[in-house]
Amino acid sequence: MAVATQSLEELSINAIRFLAVDAIEKAKSGHPGLPMGAAPMAFVLWNRFMRYNPKNPKWFNRDRFVLSAGHGSMLQYALLYLTGYDSVSIEDIKQFRQWESKTPGHPENFMTAGVEVTTGPLGQGIANGVGLAIAEAHLAAKFNKPDAKIVDHYTYVILGDGCNMEGVSGEAASFAGHLGLGKLIALYDDNHISIDGSTDVAFTEDVSKRFESYGWHVIHVKDGNTDLEAIHKAIEEAKAVTDKPTMIKVTTIIGYGSPNKSNTAGVHGAALGGDEVALTRQNLGWPHDPFVVPEDVLNYTRKAVERGAGYESDWNKTYADYKAKYPQEAAEFERYLSGKLADGWDKVLPSYTPEDKGLPTRKHSETCLNKLAAVLPELIGGSADLTHSNLTEIKGKGDFQKGQYQNPNIHFGVREHGMGAICNGIALHGSGLIPYGATFLIFSDYMRAPIRLSALSQAGAIWVMTHDSIGQGEDGPTHQPIETLASLRAIPNLTVIRPADGNETSGAYKVAIERAKNNAPTLLAFTRQNVPNLAGTSIDNVAKGGYIVVDTDGTPDLILIGTGSELSLCVTAAEKLKAEGKKVRVVSLAAWDLFDAQDAAYKESVLPKAVTKRLAVEAASSFGWHKYIGSEGDAVTIDRFGASAPGGVCLEKFGFSVDNVLAKAKQLLG
């Protein structure tokens with residue numbers, strides 16, 4: 001077909017499309033449909049509205065962009081290249097989906113400058129966007145002054161049909177509507193196609209009405225393929241609505257421009273193929289060779305560099321005025337952005353002796369959180385409707401609600417999955433905030449995806465999990481975690497700490513805060529039931545993962561290894577065995593991965609290879625323990641579901657008693 005003379009905007013949109021088409025064709029892998037259909041809305045957003053600086057991707061007051069439909073990653077890589085980011089060159093585009101390339105199959109914030117969050121599992125991105133918007137609102141409320149706004153940016157998200165099908169998007173969108181996050185704008189690529197074909201086979205609800213019921217402002221752009229002005233007006237309208245988030249439903253044709261594959265499932269997740277690429281080039285009037293972008297198009301799209309420098313320069317002037325007028329606030333703001341912790345922050349963590357009253361470690365956790373919040377106001381978070389069970393309220397600080405964004409206590413509601421993804425967004429905002437999200441340990445299953453993604457995407461979130469074993473009691477097996485710890489310990493870059501008492505709880509928080517500032521997540525598992533404070537526990541030794549709590553002269557006959565509430569069983573059993581003349585060592589193995597990271601000499605000093613008689617005691621699955629007890633060791637663990645009874649009864653019946661630990665130990669000793 002004959003193609004009329006195209007404007008620079010139309011050529012730029014086609015450049016996005018064909019960079020995606022060519023990269024996917026070369027890789028023989030990828031999702032061309034979304035970039036081809038969503039290119040117009042993305043171009044209008046990036047060219048006319050978004051404030052960012054390609055030469056300083058981490059400039060603080062940039063607008064945040066999230067491609068929630070992360071399978072369409074070439075859309076984002078094309079935008080980064082065309083607008084002048086140094087992180088994505090044409091050679092990087094050619095290396096799409098290849099080993100160690102900066103253009104992986106789904107956007108990864110730790111691989112590609114300009115990518116804010118790691119997306120791919122559908123729905124996570126829009127939920128991350130809610131977290132980014134919460135971070136902006138919180139910081140604006142804390143630091144802005146009537147005559148100086150230093151925190152003033154938007155969060156834009158492109159999401160697809162798949163994101164809207166996933167439940168996590170509903171959880172997060174419902175919460176965003178409740179909070180009235182006016183600087184969150186989502187563009188919904190409404191193309192009616194998923195991998196299985198037309199969405200009519202599974203997804204026929206009215207998404208607009210759903211978002212309206214959530215409390216969002218909703219706009220519909222009926223022609224997202226060519227009507228750039230309608231897209232422009234919709235974004236303009238969205239920005240004018242300041243008291244609620246906006247969802248712009250943009251109806252598009254997936255694979256727009258492909259004569260034979262557009263509007264089909266075939267263009268969703270596979271390369272077009274050489275013949276169809278040629279036809280599409282002809283159809284859209286793009287005569288250029290693969291990976292070639294005309295110079296006039298590049299000159300046009302890279303005006304973003306000059307604009308970005310101007311945006312940052314203007315902000316720098318605003319900030320200089322702010323700093324002159326409000327030096328104390330500016331100093332705190334700069335500490336946040338630097339990632340530096342307040343001097344002496346860890347000195348507030350309490351220490352305990354055996355004379356101190358035994359309490360649940362969840363109660364010690366509450367003490368730590370409140371002590372830390374007094375010196376680290378960057379802590380922000382809360383619970384999934386279990387505040388008074390998890391004990392996660394920062395007392396006297398108020399709730400994060402619409403119009404009260406300066407407060408740190410977030411009530412996520414019964415939305416574990418959404419809570420996790422939102423916390424990741426807060427962590428990845430890049431402003432030094434330390435988010436925490438809390439629920440019962442068993443319900444970490446409901447938020448497994450964001451916990452895993454926090455580890456993958458280097459998000460410094462703290463996961464506060466309570467009711468960590470069958471000691472949870474009467475609620476029964478649905479609420480009693482068995483295999484949960486083992487499965488969480490298997491996640492790379494996630495440190496799981498199960499502290500035994502007050503000292504170890506303080507040590508666990510010290511590790512968690514330090515890891516958060518180093519962009520790594522930590523999961524803390526706390527008891528519901530009381531535990532004694534032990535003589536040999538240590539705040540600092542928790543950082544080693546495992547250490548000696550009770551020792552003996554010479555080489556031990558037996559090593560008892562415990563975590564959490566079961567460590568005290570090991571200590572008491574050791575005392576009884578020592579009274580019978582046995583040489584017994586007790587080791588706390590509060591954090592497996594931290595112990596594994598110690599040097600060989602230290603690990604040998606704690607668990608010498610010569611001592612093969614070892615007994616592990618943990619009210620959880622035996623899975624993984626053989627690494628520490630060896631072929632000649634044994635374990636007091638649980639490999640069946642729990643039972644409904646008082647917690648103490650459950651522990652006793654399942655063998656978590658001093659008497660049973662003694663019996664098992666004596667069997668090992670012969």
Side-chain angles (χ1 to χ4, degrees), residues 13 16-17 20-21 24 30-45 66-76 106 119-126 129 156-170 172-173 185-214 216 218-228 230-231 234-235 238 246-273 276 279-280 283-284:
I13 290 166
I16 295 170
R17 289 174 172 142
V21 166
I24 292 165
H31 298 73
L34 183 141
M36 296 170 75
M41 72 176 90
F43 172 78
V44 170
L45 178 63
V66 176
L67 182 61
S68 187
H71 56 275
S73 57
M74 266 310 307
L75 174 72
Q76 188 160 12
H106 293 83
T119 58
L122 293 175
Q124 293 291 322
I126 178 63
Y156 296 101
V157 181
I158 290 180
L159 70 159
D161 290 303
C163 295
N164 275 326
M165 289 188 223
E166 288 284 3
V168 65
S169 66
I185 298 173
L187 292 89
Y188 164 31
D189 179 28
D190 171 44
N191 63 45
H192 300 284
I193 295 291
S194 62
I195 290 175
D196 278 358
S198 169
T199 54
D200 287 345
V201 301
F203 185 59
T204 53
E205 68 193 48
D206 189 325
V207 175
S208 295
K209 287 183 179 177
R210 173 154 63 93
F211 272 76
E212 285 174 2
S213 75
Y214 289 152
W216 288 54
V218 175
I219 308 167
H220 185 196
V221 175
K222 295 181 180 178
D223 175 13
N225 305 306
T226 61
D227 194 346
L228 304 188
I231 297 169
I235 299 173
T246 296
M247 191 273 280
I248 305 171
K249 176 177 158 181
V250 186
T251 299
T252 65
I253 295 173
I254 192 170
Y256 181 85
S258 169
N260 298 306
K261 294 190 176 182
S262 65
N263 204 34
T264 70
V267 78
H268 173 93
L272 293 178
E276 190 66 15
L279 290 172
T280 305
N283 191 37
L284 291 177

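Nothing fancy with the numbering, it's 1 onward along the sequence. These numbers were taken from a predicted model, which means no experiment stands behind them. Just the heavy atoms: all of them, side chains too, but no hydrogens, waters or symmetry mates, feed the values below.
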- Query: Would you say His268 and Pro32 make side-chain contact, with heavy atoms under 4.5 Å?
  - Reply: no
- Task: Please report the closest heavy-atom contact between Ala238 and Ile185, naming both atoms and the distance.
- Result: CB-CD1, 3.7 Å
- Please walk me through it: do Thr252 and Asn225 pass side-chain hydrogen bond (donor to acceptor under 3.5 Å, both in side chains)? CA-CA 6 Å; Thr252 65; Asn225 305 306; 4.9 Å; no
- Backbone of Pro259 reached by a side-chain donor or acceptor of Ser262 within 3.5 Å: no
- Residue pair Pro40 / Leu228: nearest heavy atoms and the distance that separates them: CB-CD2, 3.8 Å
- Note on the structure: Paired with Tyr188, the side-chain contact (heavy atoms from CB on, under 4.5 Å) test is passed by just one of Asn164, Ile248, Val218, namely Asn164
- Query: Taking the side chain from Ser169 and the backbone from Glu166, do they hold a donor-acceptor pair closer than 3.5 Å?
  - Reply: yes
- Report yes if the distance between the aromatic ring centroids of His106 and His71 is under 6.0 Å, otherwise no. no
- To the nearest 0.5 Å, tell me how far Asp206 CG sits from Thr204 OG1. 10.0 Å
- Query: CE/Met41 to CD1/Ile13 distance, rounded to the nearest 0.5 angstrom?
  - Reply: 11.0 Å
- Task: Let me see the working for Leu75 and Leu34 under side-chain contact (heavy atoms from CB on, under 4.5 Å), right down to the final yes or no.
- Result: CA-CA 8 Å; Leu75 174 72; Leu34 183 141; 3.9 Å; yes
- Query: What distance do Leu272 atom CG and Leu279 atom CG have between them, rounded to the nearest 0.5 Å?
  - Reply: 10.0 Å
- Query: Is a side-chain donor or acceptor of Asn283 paired with a backbone partner of Gly257 at a separation under 3.5 angstrom?
  - Reply: yes
- Task: Can you measure from CZ (Phe211) to NZ (Lys249) and round to the nearest 0.5 angstrom?
- Result: 11.5 Å
- Item | Verdict with reasoning, His31 to Ser73, per side-chain contact (heavy atoms from CB on, under 4.5 Å) | CA-CA 8 Å; His31 298 73; Ser73 57; over 6 Å; no
- Could you verify whether a donor N or O on one side chain and an acceptor N or O on the other, from Thr119 and Gln124, lie under 3.5 Å apart? no
- Let me know which of Leu187, Thr251, Ile231, Ile235 forms a side-chain contact (heavy atoms from CB on, under 4.5 Å) with Val221. Ile231
- State, yes or no, whether a side-chain contact exists between Asp190 and Asp161 at a heavy-atom distance under 4.5 Å. yes
- Message: Does any part of the side chain of Ile158, heavy atoms only, come nearer than 4.5 Å to the side chain of Ser68, both counted from C-beta?
- Response: no
- For the residue pair Leu284 and Arg17, establish whether any side-chain heavy-atom pair is separated by less than 4.5 Å. yes
- Message: Please find the pair of heavy atoms, one from Gly125 and one from Val66, that lie closest to each other, and give the distance.
- Response: O-CG1, 3.4 Å
- Task: In sequence, state the C-alpha distance, the side-chain angles, and the governing distance for Val21 and Met36, and then conclude on side-chain contact (heavy atoms from CB on, under 4.5 Å).
- Result: CA-CA 8 Å; Val21 166; Met36 296 170 75; 3.8 Å; yes
- Let me see the working for Val250 and His220 under side-chain contact (heavy atoms from CB on, under 4.5 Å), right down to the final yes or no. CA-CA 6 Å; Val250 186; His220 185 196; over 6 Å; no
- Minimal heavy-atom distance between Leu67 and Gly72, with the atoms involved, is CD2-O, 3.3 Å
- Item | CD1 on Ile253 to CG on Asp223, rounded to 0.5 Å | 8.0 Å
- Message: If the condition is side-chain hydrogen bond (donor to acceptor under 3.5 Å, both in side chains), which residues does Thr280 pass it with, not counting sequence neighbours?
- Response: none
- Message: Could you work out, with side-chain hydrogen bond (donor to acceptor under 3.5 Å, both in side chains) as the rule, every residue matching Asp196, not counting sequence neighbours?
- Response: none
- What are the two closest heavy atoms between Lys261 and Ala271, and how far apart are they? NZ-O, 3.9 Å
- Query: Any donor-acceptor pair under 3.5 Å linking the side chain of Glu205 with the backbone of Arg210?
  - Reply: no
- Closest non-hydrogen atoms of Ala20 and Pro35, given as atom of the first, atom of the second and distance, are CB-CB, 3.6 Å
- Message: Side chains of Asn263 and Tyr256 only: does a donor on one sit below 3.5 Å from an acceptor on the other?
- Response: no
